[in-house]
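A quick note: this is a predicted structure, and the numbers were derived from the prediction, not measured. Each chain gets a letter, A, B and so on, in the order the sequences are listed, and its residues count up from 1.
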2 protein chains.
Amino acid sequence: MDTPIDTLSTSAPKPGYDPLYRQVKRRLIERIAAGEWPPGGGLPSETHLAAELGVSQGTVRKALDELASENLVVRRQGRGTFVSEHDQQRTLFQFFKITSDSGKRQFPETTFATRAIRKANSKERKALSLEKGASVWQVLRHRSLEGRVLVVERIVLAAEMFPDFDRHEPLPNNVYRLYERGYGLTVTRAVEELRAVACRKDDAAALGCREGDPVLRVDRIGYGITGKTIELRESICLTDKVHYLSDLH
Amino acid sequence: MDTPIDTLSTSAPKPGYDPLYRQVKRRLIERIAAGEWPPGGGLPSETHLAAELGVSQGTVRKALDELASENLVVRRQGRGTFVSEHDQQRTLFQFFKITSDSGKRQFPETTFATRAIRKANSKERKALSLEKGASVWQVLRHRSLEGRVLVVERIVLAAEMFPDFDRHEPLPNNVYRLYERGYGLTVTRAVEELRAVACRKDDAAALGCREGDPVLRVDRIGYGITGKTIELRESICLTDKVHYLSDLH
DNA sequence: GAGTGGTCTAGACCACTGA
DNA sequence: CAGTGGTCTAGACCACTCA
């Protein structure tokens, strides 16, 4: 024991066969992804879905419970079941891990933003499944709290998925809501890689620190409901007054 | 909309009253915490628990399902329900977020370790709920992969919770299993704060880098099943070949 | 008060494990 | 084969929301 081993990730949905409630769940995901019920919109009640799909209410319930546990829907007693949307709460708690050292959690404001279109490099093409020669939008943002630039953020989006992306002016603070409302694309899951790196000269100017100072670099890949990659994001963050909060449970 | 707001954490177990299955769940947690079923040990079957507690099997099931979703128990079809233990899998995937840039996930080996007892400082006393003058164990470890020191780790434990902690020699690689087997203390949840900082001189020597180089500092607080703080841990990690992986879902 | 999700129950059957 | 958890059903009642 205690000998190092390599192991592969284990988050398998388990069974070798296919229970009814999972089929129901998949069909519901398809219909949500197809836009049958838009973000924030209400699904039919458990009773109605059960009748429509020809299964018992308990089976629909189990499917909906799983969707709720994956944050794809929100259930509200007495009101109904709704497709999750990127409101402030969700964006702040699910997708923004930077926290003030005092423990206060705030949504930063955008104090600078530019957008440009350019050819994707090979790394981006691979991550976004793009053909050679495809274009991407590149967004550069400064996000600030209490008048101080906290994060320099570079976002990369496939141009073909986001036509006329520069039409939206100004860029809203909550871009995930823009993806959702403007393009029907919901980021439901993200994976982040964190590294401590030396600050680059241009970022240092933005952050008000010196070149070479240690900064936290966060590389995020955002995935949609179908598992498709929607967004690449690199955040450079000065962690002298804030930190990245990670809950292991 | 889109105006910054402060908000407090929202992970409340919800209802204003107290459903039966939550009472069952709490009683089961108490019994697990009391050691009635040791880590790795099997709980009675759903049927038996239902009879013993005077509730239906479905209610016991719901309680056990919640415990399983919180990783307090593991359910195995055809075998039974077991109290979670810190086997390699769990320690690696739930509590070790450092990943090789190639994506491979390995358990590092301990290449250096010291233990000492000393007075707790005020910060430690506060975090561990200790009286003035209380003692703590301080563990210093180097953890390596492929012959290279990856992490310098400083662990702080309340001496009163870990009597004769220096008795265990050598210090096992998986210390959470030691807490569990030797002291009946299971770390079930941890919260980590991440910052990019300049490497200190002594850590630089251990990591084979230069003083001032950017390193990732991870401050962890480990909690037991009852919510009590068990461990404080500071990890200093050079992230040129590895990164910290965070899954947002 | 009608409609929603949340709880609790009871029972049947299925899939998996290990002796 | 007996015993375990996993699925599926049906029905009763509770708590909550909103018109």
Side-chain angles (χ1 to χ4, degrees), chain A residues 10-28 31-32 36-37 40-85 87, chain B residues 10-28 31-32 36-37 40-85 87:
Chain A
T10 54
S11 56
K14 284 158 279 184
Y17 68 111
D18 192 16
L20 191 50
Y21 76 91
R22 284 202 185 271
Q23 303 174 36
V24 170
K25 181 184 168 191
R26 271 204 308 280
R27 294 190 53 177
L28 292 174
R31 292 167 76 176
I32 292 171
E36 182 168 341
W37 309 294
L43 273 66
S45 73
E46 295 178 355
T47 322
H48 289 162
L49 282 172
E52 180 191 331
L53 300 171
V55 301
S56 82
Q57 187 189 344
T59 300
V60 171
R61 164 169 288 270
K62 184 143 192 187
L64 288 173
D65 280 346
E66 277 207 6
L67 292 175
S69 78
E70 294 167 18
N71 291 314
L72 298 183
V73 302
V74 173
R75 318 200 71 183
R76 284 196 257 266
Q77 184 173 157
R79 298 193 50 204
T81 303
F82 303 85
V83 180
S84 296
E85 64 181 330
D87 55 5
Chain B
T10 54
S11 55
K14 284 157 280 181
Y17 69 111
D18 193 16
L20 191 50
Y21 75 91
R22 283 200 186 274
Q23 302 174 37
V24 170
K25 182 184 167 191
R26 271 203 309 279
R27 293 190 54 178
L28 291 175
R31 292 167 75 177
I32 292 172
E36 182 168 342
W37 310 294
L43 273 65
S45 72
E46 294 178 356
T47 323
H48 289 162
L49 282 172
E52 180 191 332
L53 300 170
V55 301
S56 81
Q57 187 189 342
T59 300
V60 171
R61 163 169 290 271
K62 185 145 191 185
L64 288 173
D65 281 346
E66 277 206 5
L67 292 176
S69 78
E70 293 167 18
N71 292 313
L72 297 184
V73 302
V74 174
R75 318 200 70 183
R76 286 197 257 265
Q77 184 172 156
R79 299 194 48 205
T81 303
F82 304 84
V83 179
S84 297
E85 65 182 329
D87 54 7

Return the set of residues passing side chain to side chain contact (heavy atoms under 4.5 Å, CB included) with [X] (not counting sequence neighbours), or none when no residue passes.
X: Ser45(A); answer: Thr47(A), His48(A)
X: Ala51(A); answer: none
X: Glu66(A); answer: Tyr21(A), Arg22(A), Lys25(A), Glu70(A)
X: Val74(B); answer: Arg76(B), Ser84(B)

Can you measure [X] atom [atom1] to [N] atom [atom2] for me and round it to whole angstrom units?
X: Leu43(A); N: dG5(C); atom1: CG; atom2: P; value: 9 Å
X: Glu66(A); N: dG6(D); atom1: CD; atom2: P; value: 12 Å
X: Glu46(A); N: dG3(C); atom1: CD; atom2: C1'; value: 12 Å
X: Leu49(B); N: dG5(D); atom1: CG; atom2: P; value: 8 Å
X: Lys25(A); N: dT7(D); atom1: NZ; atom2: C1'; value: 15 Å
X: Leu64(B); N: dT7(D); atom1: CG; atom2: P; value: 14 Å
X: Arg22(B); N: dC8(C); atom1: CZ; atom2: P; value: 10 Å

CG-CZ distance between Leu43(B) and Arg75(B), expressed to the nearest 0.5 angstrom
9.0 Å
At a heavy-atom distance below 4.0 Å, what parts of residues 75-85 of chain B sit against DNA chain D?
Arg75(B), Arg76(B), Gln77(B), Gly78(B), Arg79(B), Gly80(B), Thr81(B)
Arg31(A), CZ: over 12 other non-hydrogen atoms inside 6.0 angstrom
yes
dT7(D) OP1/OP2 closer than 4.0 Å to side-chain N/O of Lys62(A):
yes
So, do Leu49(B) and Glu52(B) sit near enough that their side-chain heavy atoms are less than 4.5 Å apart?
yes
Between protein and nucleotides 9-13 of chain C, what N or O pairs are separated by less than 3.5 Å?
| from | atom 1 | to | atom 2 | distance (Å) |
| --- | --- | --- | --- | --- |
| dT9(C) | OP2 | Ser56(B) | N | 3.0 |
| dT9(C) | OP2 | Ser56(B) | OG | 2.9 |
| dT9(C) | OP2 | Thr59(B) | OG1 | 2.3 |

Candidate list Thr81(B), Val73(B), Leu28(B), test side chain to side chain contact (heavy atoms under 4.5 Å, CB included), partner Trp37(B), passing option
Leu28(B)
Are any side-chain N or O atoms of Gln23(B) and backbone N or O atoms of Asp18(B), one a donor and one an acceptor, separated by less than 3.5 Å?
yes
Kindly say whether, by distance alone, the side chain of Arg61(A) makes a donor-acceptor pair under 3.5 Å with the base of dG6(C)?
yes
